[in-house]
Amino acid sequence: MRKKIDLEIDYMQESDLKDVLWIERKSFITPWRGNAFRREIENDDDFSHFIVARHKNRTIAFIGFTHVLDEAHILTFAVHPKFRQRGVGTQLLMYALNMAKSLGAKKVTLEVRVSNIPAQSLYRKLGFQVVALRKRFYPDTGEDAYIMCIPNIDWVRDVNNGHFNNLLRRKKNMSCETDIRL
Ligand SMILES: CC(C)(COP(=O)(O)OP(=O)(O)OC[C@H]1O[C@@H](n2cnc3c(N)ncnc32)[C@H](O)[C@@H]1OP(=O)(O)O)[C@@H](O)C(=O)NCCC(=O)NCCS
């Protein structure tokens, strides 16, 4: 088994941008441009949070989410291709979920391309469920998006032990409220 990667988690800063933009270009068909990240870095409102994971002074992953009242929404999330499948995505997403929880979020939502199996697997592992399908959500390819959601962020707490999955099975009747159903 590969050794767990030590991460320093921090708010995104201007000095992270070179690495962030490289990862962004390698990860997405329509990458965000530098100015979009710069706006988020300079924006000191309480609604959006852009977090990076650094390893040996190198930025290797990032995640951005908004938080309004009891709902958090993941905007962007990627890991450097060379560091994938080594637990970095899980660590960073868990950090963001715990942060959203401490800010008062109860529910977390996100959109994911229907073809993006790696991301969907990670989200399911942490307790997200598919609650809706948004047709032709992505203008670049016309691909559909799944809306995924954790109805109760408290469910994430036990993710590191088997108890978490049992808890999810017990509570499977609870679901996120949404206007678009599958
Ligand atoms: C999705 C992403 C962030 C996952 O990051 P990661 O660091 O590789 O994730 P982890 O190593 O923590 O993997 C956690 C789980 O995700 C799933 N997973 C990760 N990569 C996978 C792959 N290539 N195929 C299938 N499942 C995969 C597995 O369930 C894995 O659990 P396991 O290790 O017990 O099998 C990464 O693949 C990435 O940056 N993709 C490009 C950008 C992207 O798609 N972002 C999400 C937009 S919605």
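Just so it is clear, the values below take in all heavy atoms, side chains as well, and ignore hydrogens, waters and symmetry mates. Counting from 1, the numbers follow the sequence of the chain as shown. Order of listing sets the numbers, starting from 1, for every ligand and every atom in it.
At most 12 non-hydrogen atoms from other residues, nucleotides or ligands lie less than 6.0 angstrom from OH of Y95. Heavy-atom neighbours of D140 CG from other residues, nucleotides or ligands within 6.0 Å: above the threshold of 12. Surrounding CZ of F47 are at most 12 heavy atoms belonging to other residues, nucleotides or ligands under 6.0 Å away.
Annotation: ligand 1 has protein neighbours S27, F28, F77, A78, V79, R84, Q85, R86, G87, V88, G89, T90, E111, V112, N116, P118, A119, S121, L122, Y123, K125, each with a heavy atom less than 4.0 angstrom from the ligand.
Side chains of P81 and W22 form a contact here, defined as non-hydrogen atoms less than 4.5 Å apart.
Among residues two or more places apart in sequence or in another chain, the side chain to side chain contact (heavy atoms under 4.5 Å, CB included) test is passed with S15 by Q13.
When each of R58, R54, H80 is paired with D19, the side chain to side chain contact (heavy atoms under 4.5 Å, CB included) condition holds for R58 and for no other.
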